[in-house]
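Here's the structure we're looking at; comments come further down.
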Amino acid sequence: MRKLIESLGRILIAFVADIGGLFIMIWGIILSVPTIFKRIRLIFEQMLMMGVRSLPLVILTSVFTGSVTAWQAAYQFKGLVPLEWLGLTVAKTVFIELGPVLTSLVLAGRVGASIAAELGTMRVTEQIDALESMGINPVGYLVMPRLVAGMIMVPVLVMFANIIAILGGMVVAVMLVNISYETFTDSIKSYVYIRDVVSGLQKSVGFGAIIALMGCYNGFNAKGGAEGVGLATTRAVVLASVLILVSDYIMATILFNV
Amino acid sequence: MIRLEKVYKSFGTNEVLKGIDLEINSGDSMVIFGASGSGKSVMLKLIMGLLKPDEGDIYIDGKNINELKRSELDELRTRFGMLFQGAALFDSMTVYENVTLGRSEHGDMSKQDRIECARRNLEMVGLAGTEYKYPAELSGGMKKRVGLARALCMEPEIILYDEPTTGLDPVSADKINDLIIELRDKLNITSVAVTHDIYSAFRIGRRFAMLYEGNIRFDGTKEEMESSDDQVLKDFLSHH
Ligand SMILES: Nc1ncnc2c1ncn2[C@@H]1O[C@H](COP(=O)(O)OP(=O)(O)O)[C@@H](O)[C@H]1O
Ligand SMILES: [Mg+2]
């Protein structure tokens, strides 16, 4: 019993310390915002790396996301809902939920993990200490550019994913469900609002921040060699995925009134 | 001048430093030795302000570094150079970019001067012409020498060496020792080295301190050390 309470206590202390550490890092990022113009080159490098590294994976996942959405919707609609609503259903689910959330989850595994592994390696090989010892602020130099790049690139990739998912859904609808191209697109044109698209992209800015922050925070706090880097990478991916799903629910209740 | 006063540092339940008192004067060449895991790297990181002491104070030229603002601390750090245990070169950058990063970040040197600075310091460490190589293409000893060139490019008044010769073959190790001696004598740079390599310690040091179980067990010259009858010190010297 005593052991149990002790270990619960330790977990609680570690949790509070992590929250504190995360806020200190966020504060450091805020303080380094004035140097953002000096960091344009680093931000671009990060954006390029995130975009190039993730695009193939994003394309692959979104094709199948769109296809299965169309197929499942058609199956659920059978005998209940006329199939001219198929396009609308696919587009709305993709724009509002599936595009942003699934793409961000994939990116948590791709981008978040690589940020954590890179910064974790820099931590355990003392490269972060070396930056600091030269009077260079590592939060401004390493974290801020990754955060900004994440907040820009994740929505960009989500936009790509949305388009590809809807095309994928359309191919399934036209080829396998046998509805016409016009039927599929008509309902999209008349009932998908700009607001749906924008709210999905707004969410993905937040998801981008979560992915980059979790990668940076866990990488920065990696300790003890290669094993520690592996642990930090896992933590970054798991925490980012959980936070994406939780914040998605919270944002849904704020952005959409039932 | 560097002064540590009653410095304590623990990590969780691991008490590493338990009340360190130590003074290092300008122009000194101080070597701190101690077994692996005795807290040598931690001590250097405390002096650089990379770690904060749990208790006690660290003064650099009379200024308490724990009371400095971030910008003042960054300013102070530019007077220091540090050679890290594993060299800590930035993997994603060339040797040239590594050596001149501090300068280009502080924006106090033109591109032309930076190229010259890299050339001069790389030549000094015997690595002329390696500017466009990446750290992964260099051997352990070469990495350390690039690390030293990187520190030198900041024109430091004080250099901290973390195990400068550990893990190197005898020839590379001696090259590093020679360099440290050259810097000490030619440029009159204050140096603090930590090591468990006694041979290297005797070559580069003028004053010696022993870190043992979280305290400074011994502090003095080579002669004082050799005539000491402290059994712990004697054991360490005979085993390394
Ligand atoms: N950032 C850290 N977090 C936790 N423990 C640390 C940290 N840095 C060092 N330690 C611990 O402090 C002790 C001394 O480490 P160190 O100063 O690296 O020894 P050495 O004398 O070999 O350089 C070791 O037990 C090490 O595990
Ligand atoms: Mg060490």
Side-chain angles (χ1 to χ4, degrees), chain A residues 6-7 9-11 13-14 17 21 24-25 27-32 34-35 37-42 45-46 48-49 53 114-115 117-142 144-146 219-221 223-226 228-229, chain B residues 11-14 41-42 44-51 68-93 97-108 135-136 143 146-148 150-156 158-160 162-163:
Chain A
E6 267 176 14
S7 58
R10 252 197 300 279
I11 292 171
I13 289 169
I24 290 172
M25 181 174 266
W27 181 240
I29 297 167
I30 293 170
L31 290 182
S32 64
T35 63
F37 292 105
K38 204 172 127 191
R39 300 289 174 224
I40 290 287
R41 202 179 66 100
L42 288 176
E45 271 174 23
Q46 287 301 323
L48 200 68
M49 211 124 71
R53 269 190 200 157
S114 78
I115 291 177
E118 188 186 5
L119 297 194
T121 305
M122 290 187 75
R123 165 61 75 199
V124 303
T125 57
E126 300 184 307
Q127 292 176 52
I128 293 179
D129 289 322
L131 277 177
E132 232 175 322
S133 76
M134 293 192 285
I136 300 169
N137 176 358
V139 171
Y141 189 80
L142 297 171
M144 190 270 283
R146 283 169 174 75
F220 248 61
N221 290 290
K223 26 180 158 307
V229 177
Chain B
F11 297 100
T13 55
N14 180 7
S41 300
V42 168
L44 289 187
K45 284 179 187 166
L46 286 165
I47 293 173
M48 278 298 250
L50 299 172
L51 292 172
L68 295 182
K69 280 188 287 193
R70 173 99 212 181
S71 57
E72 293 171 321
L73 188 59
D74 280 343
E75 177 72 32
L76 183 72
R77 281 171 176 156
T78 58
R79 293 174 45 203
F80 281 83
M82 180 151 177
L83 179 57
F84 287 87
Q85 197 163 341
L89 300 183
F90 306 115
D91 305 317
S92 58
M93 298 182 193
E97 287 167 332
N98 262 285
V99 173
T100 56
L101 180 72
R103 287 299 190 174
S104 58
E105 277 295 311
H106 291 289
D108 57 353
K143 279 185 197 160
V146 172
L148 192 53
R150 179 173 71 184
L152 289 175
C153 200
M154 300 298 281
E155 289 166 16
I158 304 158
I159 303 190
L160 309 179
D162 192 352
E163 313 238 2

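In what follows, every chain begins at residue 1, and chains take the letters A, B, ... in the order their sequences are listed. Reckoned from all heavy atoms, side chains included, excluding hydrogens, waters and symmetry mates.
Nearest heavy-atom pair, A/Gly135 versus B/Arg77, reported as atom, atom and distance to 0.1 Å: N-CB, 4.3 Å. Considering every non-hydrogen atom in both A/Ala130 and B/Ala88, the closest pair reads CB-O, 3.9 Å. For the residue pair B/Gly102 and A/Ile136, the shortest heavy atom distance occurs at CA-CD1, 4.3 Å.
There is no contact between A/Arg10 and chain B, counting heavy-atom distances below 4.5 Å. For A/Thr125, the part sitting under 4.5 Å from any heavy atom of chain B is the backbone (N, CA, C, O) and nothing else. When heavy atoms are compared at a cutoff of 4.5 Å, B/Leu73 does not approach chain A at all. The parts of A/Leu131 that come within reach of chain B are both its backbone and its side chain, each placing non-hydrogen atoms under 4.5 angstrom from that chain.
Between A/Ser133 atom OG and B/Leu83 atom CG the span is 10.0 Å, to the nearest 0.5 Å. For the atom pair CG of B/Leu44 and CG of A/Asp129, the computed distance is 11.0 Å after rounding to the nearest 0.5 Å.
For A/Ile24, the side-chain contact (heavy atoms from CB on, under 4.5 Å) test picks out no residue, with sequence neighbours left out. The side-chain hydrogen bond (donor to acceptor under 3.5 Å, both in side chains) test applied to B/Arg70 returns no partner, not counting sequence neighbours.
By number of non-hydrogen pairs under 4.5 angstrom with chain A, the leading residue of B/Leu51, B/Thr78, B/Leu76, B/Leu101 is B/Leu101. The residue among B/Met82, B/Arg103, B/Gln85, B/His106 with the most heavy atom pairs within less than 4.5 Å of chain A is B/His106.
Between A/Gln127 and B/Phe84, every side-chain heavy-atom pair lies at or beyond the 4.5 Å cut-off.
More than 12 heavy atoms of other residues, nucleotides or ligands sit less than 6.0 Å from atom CD of A/Glu45.
Between A/Glu132 and B/Lys45 there is no salt bridge, since no side-chain nitrogen of the basic residue lies less than 4.0 Å from a carboxylate oxygen of the acidic one.
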